[in-house]
Amino acid sequence: MSKIYMDHAATTYVKPEVLEAMMPYFSEKFGNGSSIHSEGREAKKALEAARQSIAQALGAKPTEIYFTSGGSESDNWAIKGAAFSRMDQGKHIIISAIEHHAVLDPCHYLKKFGFEITELKVDEDGLINLDDLKKAIRDDTVLVSIMTANNEIGTIQPVEEAAKIAHEKGVLFHTDAVQAVGQIPIDLSNSAIDLLSISGHKLYALNGVGALYIKDGVEIDNLIHGGAQERNRRAGTENIACIVGLGKAFELAKSNMESESKRLTVLRDKLIQSVLAEIPESRLNGHPTKRLPNNVNFSFKNVDGEAILINLDLMGIACSTGSACTSACTGPSYVLQALGMEYRWTNGSVRLTLGARTTEEDIDTVVGALKETMNRLRMITFKA
Amino acid sequence: MSKIYMDHAATTYVKPEVLEAMMPYFSEKFGNGSSIHSEGREAKKALEAARQSIAQALGAKPTEIYFTSGGSESDNWAIKGAAFSRMDQGKHIIISAIEHHAVLDPCHYLKKFGFEITELKVDEDGLINLDDLKKAIRDDTVLVSIMTANNEIGTIQPVEEAAKIAHEKGVLFHTDAVQAVGQIPIDLSNSAIDLLSISGHKLYALNGVGALYIKDGVEIDNLIHGGAQERNRRAGTENIACIVGLGKAFELAKSNMESESKRLTVLRDKLIQSVLAEIPESRLNGHPTKRLPNNVNFSFKNVDGEAILINLDLMGIACSTGSACTSACTGPSYVLQALGMEYRWTNGSVRLTLGARTTEEDIDTVVGALKETMNRLRMITFKA
Amino acid sequence: MYNDVVMDHFQHPRNVGDMADATSVAEVGSQECGDTMKVFIKIKDDVIDDIKFQTYGCAAAIASSSIATEMVKGKTVTEAKKLTKNDVVTELGGLPDQKIHCSLLAVDGILGAIEAYEKNK
Amino acid sequence: MYNDVVMDHFQHPRNVGDMADATSVAEVGSQECGDTMKVFIKIKDDVIDDIKFQTYGCAAAIASSSIATEMVKGKTVTEAKKLTKNDVVTELGGLPDQKIHCSLLAVDGILGAIEAYEKNK
Ligand SMILES: Cc1ncc(COP(=O)(O)O)c(C=O)c1O
Ligand SMILES: Cc1ncc(COP(=O)(O)O)c(C=O)c1O
């Protein structure tokens with residue numbers, strides 16, 4: 001049975017071109033980027049070339065790109081770094097209610113240091129309201145953080161407008177772009193965004209590498225103090241192989257983003273339309289058009305998400321669910337709950353995220369598998 | 001010209017066996033360890049197997065090993081996590097004067113939050129004095145952090161005794177074992193050490209992966225908040241390939257530590273004795289016997305470290321210097337200064353760190369190259 | 001994640017369905033989880049002659065429902081009333097820690113139906 | 001890190017040594033760096049007829065010393081006194097940013113020797 005991987009939002013495989021670019025840096029060109037001997041200088045050169053590729057893909061300057069260990073570190077650095085650097089000016093932070101845990105949790109941690117957090121509500125499609133943001137900004141607000149696109153439901157937020165509102169009030173603006181980078185165009189050359197988080201393993205580079213964009217002139221506290229790497233802002237011997245891979249992944253993403261995002265949007269919409277037409281009591285979660293080209297998120301009434309997932313896995317389809325019964329019974333995902341749906345809908349959610357190898361045939365197979373699964377499970381279920 | 005790499009303390013190459021173990025996790029078994037589909041479960045299994053290998057090599061329990069992005073993150077997590085978790089109890093931290101920047105800098109950052117730092121002096125061999133430690137502990141001391149072995153001069157500290165002293169006073173004990181792990185035996189099964197930092201790229205695994213040992217029952221604040229990875233203590237999708245590599249590196253280190261450390265000690269001592277005998281005005285920095293098997297650090301009077309380094313590089317030998325004129329003229333390394341030497345000695349230092357591929361022939365070549373270099377440079381120099 | 005017994009009962013649950021001539025019926029739900037179950041039993045001479053269930057819930061809840069109904073079918077009411085969560089988990093060959101509590105639903109459902117029968121007797 | 005000109009002057013410094021019959025001698029040191037230099041000059045008819053140096057310092061300091069002594073050799077004292085750090089860096093084809101200041105040592109040394117000569121004239 002050949003497998004269909006539809007969980008690219010969780011993690012992507014490493015593209016062959018990316019791995020090929022990384023290979024020389026494991027055992028041959030393995031120098032420490034801070035050393036002055038020739039091995040070290042070669043490592044340094046590769047590092048700066050990768051920084052250049054990433055900056056170019058984002059319309060940023062190379063001096064604005066700082067390498068990290070991934071999206072979670074970037075988010076933590078941005079949030080805590082901004083907060084701690086400005087705690088004399090105020091202790092209020094605004095985020096959306098559907099931020100990733102890597103933004104939510106550092107914010108809640110900051111309460112220990114006296115910070116207050118305002119969570120903006122979202123509408124039934126997952127969009128924030130810009131008027132709410134305007135009203136929420138206070139004199140002591142030091143940071144606004146709104147994600148570019150949501151990891152569960154794929155909804156794309158009006159971050160540029162939100163950043164402008166924050167800037168008008170002199171407040172820093174961060175966006176978690178982990179899911180958006182490589183999928184939708186991001187141009188920071190004329191942007192009000194101060195801080196932007198990136199993770200490698202969502203765009204076909206390896207896990208454990210990411211970056212934080214920090215606009216030139218924006219000062220935030222370091223998160224990882226120590227060595228002078230990353231112009232004294234992020235200590236730790238650089239992960240050259242993975243960084244080179246990240247650079248390559250950005251180059252690939254930039255060069256084929258237009259065609260690939262069109263291709264994925266067609267497949268995505270076919271999957272959405274087929275399922276909504278062919279499976280009763282199904283609905284799409286997230287915005288119908290303002291959504292990532294690769295993201296599909298369904299709810300099926302009266303069926304448990306985990307049960308769906310296991311059935312699909314047995315049929316060779318890997319995807320994920322927003323119902324949280326996997327770790328402990330804490331109920332369905334806070335993101336789906338924020339959309340205002342009932343339990344019997346939120347708990348029956350399935351996220352299918354497409355990728356570079358997804359074909360039209362895969363879509364047909366998945367639609368068939370979903371139909372079969374819902375039929376099976378709805379025979380067993382105690383309907384509400 | 002074949003190159004001789006003598007900078008293993010800066011970073012090691014990735015051993016072929018390690019790379020081989022990593023390979024399947026780039027593009028095939030690339031699942032997210034938190035996913036419940038079969039790809040995710042396979043990733044999770046590999047992760048736990050690596051944790052098991054590392055725990056076993058250190059005499060720890062698998063539940064005491066937490067993966068991080070490297071030594072710097074582990075140090076920052078240990079220091080800030082311990083400090084912030086105990087700031088109600090006190091705000092005093094004790095470290096040695098020759099800690100790595102990844103320990104020094106987070107400590108100094110904590111001053112912003114009201115913490116006080118005591119730096120213990122070291123003797124001319126780089127050893128701390130345990131009586132000094134006893135005297136330095138106050139009622140409001142919350143953490144003692146002493147490195148297992150120094151990265152520049154290789155001196156091995158009496159950390160177990162230091163940990164016992166800290167424990168007697170109810171104070172947490174952290175050790176930065178980044179340079180020691182894989183080189184000298186570490187047994188945590190009966191140890192007073194609460195927290196211990198590990199970095200992959202010092203023992204033939206890749207850059208950008210490391211671990212923090214946290215003794216069962218020891219609570220510290222998280223550094224990277226977010227997803228539930230690492231039992232809710234370190235967020236971020238796990239870097240499976242690199243972690244698998246780290247596990248393999250520990251297995252290799254454990255299986256050949258005895259023979260390899262003997263082999264390196266012989267080569268190390270040959271290098272030391274030859275240079276001291278054959279090059280005038282040379283001295284060994286660090287303790288003559290309580291030192292890492294792979295570490296040699298010389299000072300040559302009246303010669304500048306950077307100048308030596310460049311000469312050696314041209315002769316195909318990669319090593320490093322503790323004179324800091326590489327980035328800005330801030331003078332020689334604080335570690336060498338802490339040993340109480342004059343400028344004309346501290347500034348002429350060279351660190352040569354041996355590794356798995358170092359041969360006796362390499363040692364002879366290096367001795368010859370050092371002689372030639374000192375002759376050349378001492379002809380130019382304005383002697384003090 | 002789940003063992004073969006659990007997977008078998010999840011994929012091929014026994015005793016699923018409803019029953020027109022049930023002696024008694026119970027509906028139970030776990031507040032904690034949102035999982036719910038409806039149980040139909042037919043009792044003849046104080047023996048559980050037939051049993052059917054419908055369960056809304058995760059794989060563990062469905063598998064527990066299936067095996068628990070098998071365990072009590074053909075037993076006397078007195079015997080069936082001794083059913084515990086542990087019996088169900090043991091019969092399944094174990095459940096992941098965080099899923100143990102899901103087996104409670106089936107026990108509650110079966111005991112609920114028996115209780116309803118005894119009340120109306 | 002360093003260009004070919006710098007490397008050449010570092011590896012093969014010109015005018016290294018001392019001079020028994022120097023017209024004047026200067027010793028200078030950069031407080032900042034700990035680098036030090038000793039310069040010997042022989043002056044004939046107000047022209048720098050010969051020059052020698054000894055430098056303790058990094059590659060940039062040694063290369064600057066070498067090229068700067070070449071630059072002033074054969075020049076009149078008046079011309080030589082116009083030597084600046086920028087001239088030296090330019091002649092070297094550039095230095096890494098953090099090394100620019102190292103070229104100051106050579107300029108200070110040469111100007112120091114000239115000053116000593118003029119004082120004693
Ligand atoms: C003693 C010591 N601590 C910490 C570190 C930092 O480790 P990493 O480069 O993995 O962040 C190093 C190495 O650079 C080290 O030698
Ligand atoms: C929106 C979002 N932010 C942050 C993260 C965290 O990224 P990482 O797994 O690289 O730490 C993720 C992915 O898990 C994400 O989807």
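Note on naming: letters A, B, ... go to the chains in the order of the sequence lines (proteins, then strands), and numbering restarts at 1 for each one.
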Quick check for you: to the nearest 0.5 Å, what is the distance between A:Ile224 atom CD1 and B:Lys80 atom NZ? 7.5 Å
Nearest 0.5 Å, please: how far is CZ in B:Phe26 from CG in A:Asn207? 10.5 Å
Reported SG-to-CG distance for the pair B:Cys242 and A:Asn239, which is rounded to 0.5 angstrom: 6.0 Å
Note, A:His225 side chain near B:His108 side chain (heavy atom, < 4.5 Å): no
Could you give the distance from OG1 (B:Thr68) to CD (A:Glu73), rounded to the nearest 0.5 Å? 10.0 Å
Heavy-atom distance under 4.5 Å to chain B: side chain of A:Met23, backbone, both or neither? side chain
Supply the atom-to-atom distance A:Ser85 OG to B:Lys112 NZ, rounded to the nearest 0.5 angstrom. 6.0 Å
Option in B:Leu223, B:Val209, B:Leu104, B:Val103 with maximal non-hydrogen atom pairs under 4.5 Å from chain A: B:Leu223
Quick one, A:Asp313 and B:Arg41 - any side-chain contact, counting heavy atoms below 4.5 Å? yes
Where along residues 12-21 of chain A does a heavy atom come under 4.5 Å of chain B, listed by residue number? A:Thr12, A:Tyr13, A:Val14, A:Leu19
Answer with yes or no whether the side chains of A:Tyr109 and B:Asp221 bring together a donor and an acceptor at under 3.5 Å. yes
Students often mix this up, so state it plainly: with edges at 30° and 60°, are the rings of B:Phe84 and A:Phe84 parallel, tilted or perpendicular? tilted
Rounded at 0.5 Å granularity, tell me how far OG1 in B:Thr237 sits from CG in A:Leu206. 11.0 Å
For the student: nearest non-hydrogen atoms of B:Ser69 and A:Ser69, plus distance: CB-CB, 3.1 Å
Grab the two heavy atoms, one from A:His101 and one from B:Gly227, that are nearest each other, plus how far apart they are. CB-N, 3.9 Å
Contact class of A:Tyr204 relative to chain B, heavy atoms under 4.5 angstrom: neither
When heavy-atom pairs shorter than 4.5 Å are enumerated against chain B, which of A:Gly245, A:Ala10, A:Gly236, A:Gly210 gives the highest number? A:Ala10
